[in-house]
A.B. asks: 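Handing you this structure, nothing more for now.
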Amino acid sequence: MKLIDYSLEYSIIALVHFNLYGWVKEEKIFFDFIVKYLGDNLMEANDWNQHIWFLVELYLQHTNQTIEGTNKNVHLTVKSALAFTSS
């Protein structure tokens, strides 16, 4: 049973807002949290909504960061990495 559930969609929206408001410390902490728990039991990454993944890519490119070593076609890379870890 999950006591806490973080939606990928709401997490990305919050991350973008942290960036817009200049909350650097909170943004770094939350980005590290997302990367650590993406696809884990705590934060499911099965939201293949193209708009959210587009926001992720824009955010990563704007901040010069990566997830799974990339900031382009992130949804494909994450989907592939999750498929590899679940098998």
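Everything numeric in this text was worked out from a predicted model, so none of it was measured.
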A.B. asks: Rounded to the nearest 0.5 Å, what's the gap from CG on Leu15 to CG on Leu55? Could you check?
C.D. replies: 10.0 Å
A.B. asks: Should Val24 and Phe18 be marked as a side-chain contact (heavy atoms from CB on, under 4.5 Å) after you check the CA-CA gap, both sets of side-chain angles, and the distance that decides it?
C.D. replies: CA-CA 7 Å; Val24 177; Phe18 287 168; over 6 Å; no
A.B. asks: Got a second to check how far Glu57's CD is from Asn71's CG, nearest 0.5 Å?
C.D. replies: 7.5 Å
A.B. asks: Given the rule that I, L, V, M, F, W and Y join up when any side-chain heavy atoms are under 4.5 Å apart, are Leu60 and Tyr10 in one cluster?
C.D. replies: no
A.B. asks: Quick check for you: to the nearest 0.5 Å, what is the distance between Ile67 atom CD1 and Ile34 atom CD1?
C.D. replies: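 Going from CD1 on Ile67 over to CD1 on Ile34, the span is 7.0 Å.
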A.B. asks: How long is the gap from CD1 on Ile13 to NE2 on His51, to the nearest 0.5 Å?
C.D. replies: 6.5 Å
A.B. asks: Please state whether the rings of Phe33 and Tyr37 are parallel, tilted or perpendicular, taking 30° and 60° as the class boundaries.
C.D. replies: tilted
A.B. asks: Does a side chain donor of either Thr70 or Glu68 reach within less than 3.5 Å of an acceptor in the other side chain?
C.D. replies: no
A.B. asks: Kindly compute the distance separating CD1 (Ile12) from CG (Leu58), expressed to the nearest 0.5 Å.
C.D. replies: 11.5 Å
A.B. asks: Show me the donor-acceptor pairs within less than 3.5 Å that the side chains of residues 25-32 make with the rest of the protein, sequence neighbours left out.
C.D. replies:
{"unit_1": "Glu27", "atom_1": "OE2", "unit_2": "Asn19", "atom_2": "ND2", "d": "3.0"}
{"unit_1": "Glu27", "atom_1": "OE2", "unit_2": "Tyr59", "atom_2": "OH", "d": "2.6"}
{"unit_1": "Lys28", "atom_1": "NZ", "unit_2": "Asp32", "atom_2": "OD2", "d": "2.8"}

A.B. asks: Could you report the tightest heavy-atom contact between Lys72 and Thr77, atom names first, then the distance?
C.D. replies: O-OG1, 4.3 Å
A.B. asks: Is it possible for you to say whether Val78 and Val35 belong to one hydrophobic cluster, with membership spreading through side-chain heavy-atom contacts below 4.5 Å?
C.D. replies: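 Yes, it is one cluster - the side chains of Val78 and Val35 are joined through contacts under 4.5 Å.
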